[in-house]
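Working notes, beginning with the structure itself.
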Amino acid sequence: MRRKHINIHANKISSILLSVLISSVIVTVCCVFFSFITSAFIKNMKFSVFFSFASLITGCCAGTYICGKYRRKSGLLCGTATGITLYLIICVTDIICFERIPDIKKLLLLALAGAIGGVAGVNSKRPKNLRD
């Protein structure tokens, strides 16, 4: 018998691309929020590096957590792949805008945050609306 619904998380590539999309949206929202906090309250650019790393960690962990929660397997692999893909997007954007390559620290940070989010998502409670 055929399945009547299509699960986007059944395919590993589409699941990784969806988590990269979610991660990039969350990173952008966090950057805008932290920019507002910096300009409205702090009025000093001293903490901008901390805020940028915090938004990268938050976005990557949240996107891979959702991927791991709905995929229910390969959280470490999908999380690391999501972190690396997000780094490649940041790298291409940085090359186009500033003509430089970002540090390797950012790659390691994104890969580690993605792996942590993916593992946490796989080990979390099963969603109610998930059909296998």
Side-chain angles (χ1 to χ4, degrees):
M1 209 164 199
R2 290 181 75 171
R3 294 174 106 172
K4 295 189 179 194
H5 66 279
I6 298 172
N7 188 0
I8 194 166
H9 295 287
N11 187 0
K12 192 179 292 188
I13 301 296
S14 64
S15 180
I16 289 172
L17 291 177
L18 180 66
S19 65
V20 166
L21 178 69
I22 292 170
S23 295
S24 61
V25 167
I26 293 173
V27 166
T28 305
V29 168
C30 285
C31 282
V32 168
F33 175 71
F34 286 139
S35 296
F36 172 73
I37 295 293
T38 302
S39 67
F41 300 114
I42 298 174
K43 307 235 191 279
N44 191 352
M45 295 301 290
K46 183 172 30 175
F47 299 109
S48 65
V49 174
F50 170 73
F51 285 151
S52 67
F53 279 125
S55 41
L56 283 175
I57 290 171
T58 304
C60 196
C61 278
T64 56
Y65 179 82
I66 293 170
C67 175
K69 187 171 182 90
Y70 283 96
R71 185 154 166 78
R72 306 301 301 167
K73 60 183 174 184
S74 303
L76 185 67
L77 180 70
C78 289
T80 306
T82 300
I84 291 171
T85 308
L86 195 60
Y87 174 77
L88 291 175
I89 290 171
I90 291 170
C91 190
V92 166
T93 306
D94 220 14
I95 289 173
I96 290 172
C97 293
F98 304 114
E99 297 174 354
R100 63 182 168 92
I101 298 175
D103 293 337
I104 195 75
K105 292 186 297 188
K106 204 171 282 188
L107 172 64
L108 296 174
L109 180 80
L110 286 171
L112 183 66
I116 290 170
V119 169
V122 167
N123 292 326
S124 67
K125 193 173 178 182
R126 189 174 195 272
K128 291 180 182 177
N129 61 352
L130 181 66
R131 293 185 265 166
D132 289 329

Are the side chain of D94 and the backbone of I90 linked by a donor-acceptor contact shorter than 3.5 Å?
no
ring-ring contact (aromatic ring centres under 6.0 Å, His included) filter on F51, not counting sequence neighbours, yields F34
Neighbour count above 12 (heavy atom, 6.0 Å) for F53 CZ
yes
Is a side-chain donor or acceptor of Y65 paired with a backbone partner of I116 at a separation under 3.5 angstrom?
no
Could you check whether atom CD1 of I101 has more than 12 heavy atoms from other residues, nucleotides or ligands sitting under 6.0 Å from it?
no
Does any N or O in the side chain of S124 come within less than 3.5 Å of the main-chain N or O of G121, such that one atom is a donor and the other an acceptor?
yes
Gap between atom NZ of K105 and atom CG of L110 - 0.5 Å precision
13.0 Å
Which atom of T82 lies closest to which atom of S19, heavy atoms considered:
OG1-OG, 2.9 Å
If every non-hydrogen atom of G79 is compared with every non-hydrogen atom of T64, which pair is closest and at what distance?
CA-CG2, 3.7 Å
Atom pair CD1/SG of I26 and C31 - distance to nearest 0.5 Å:
12.0 Å
Rounded to the nearest 0.5 Å, how far apart are SG of C67 and CG of L21?
12.5 Å
Under 3.5 Å, side chain of K69 to main-chain N/O of K125, donor-acceptor pair present?
yes
Linking I/L/V/M/F/W/Y whenever their side-chain heavy atoms sit closer than 4.5 Å, directly or via other members, would L86 and L109 fall into one cluster?
yes
Hey, quick one: are I95 and I84 part of the same hydrophobic cluster, counting side-chain heavy atoms closer than 4.5 Å, chains of contacts allowed?
yes
Within this structure, what is the SG-CZ distance for the pair C78 and R71, rounded to the nearest 0.5 Å?
4.5 Å
Minimum-distance pair of heavy atoms, taken over all atoms of T38 and M45:
CG2-SD, 3.9 Å
Enter the distance from L112:CG to L108:CG here, rounded to the nearest 0.5 Å.
8.5 Å
Mind checking whether F98 and V92 sit in one hydrophobic cluster, side chains of I, L, V, M, F, W, Y counted as touching below 4.5 Å?
no
If I compare all heavy atoms of S55 with all of V27, which pair ends up nearest, and what's the gap?
O-CG2, 3.4 Å
Taking K43 for its side chain and S39 for its backbone only, find out whether a donor-acceptor pair lies under 3.5 Å.
yes
Taking all non-hydrogen atoms of both residues, which atom of L76 and which atom of A115 are closest, and how far apart?
CD1-CB, 3.5 Å
Does I57 share a hydrophobic cluster with F50, counting links as ILVMFWY side-chain heavy atoms below 4.5 Å and allowing steps through other members?
no
Would I104 end up clustered with L56 when hydrophobic side chains under 4.5 Å apart are linked, directly or stepwise?
yes
Tell me the closest heavy-atom pair linking T58 and C30, and the distance in Å.
CG2-SG, 4.0 Å
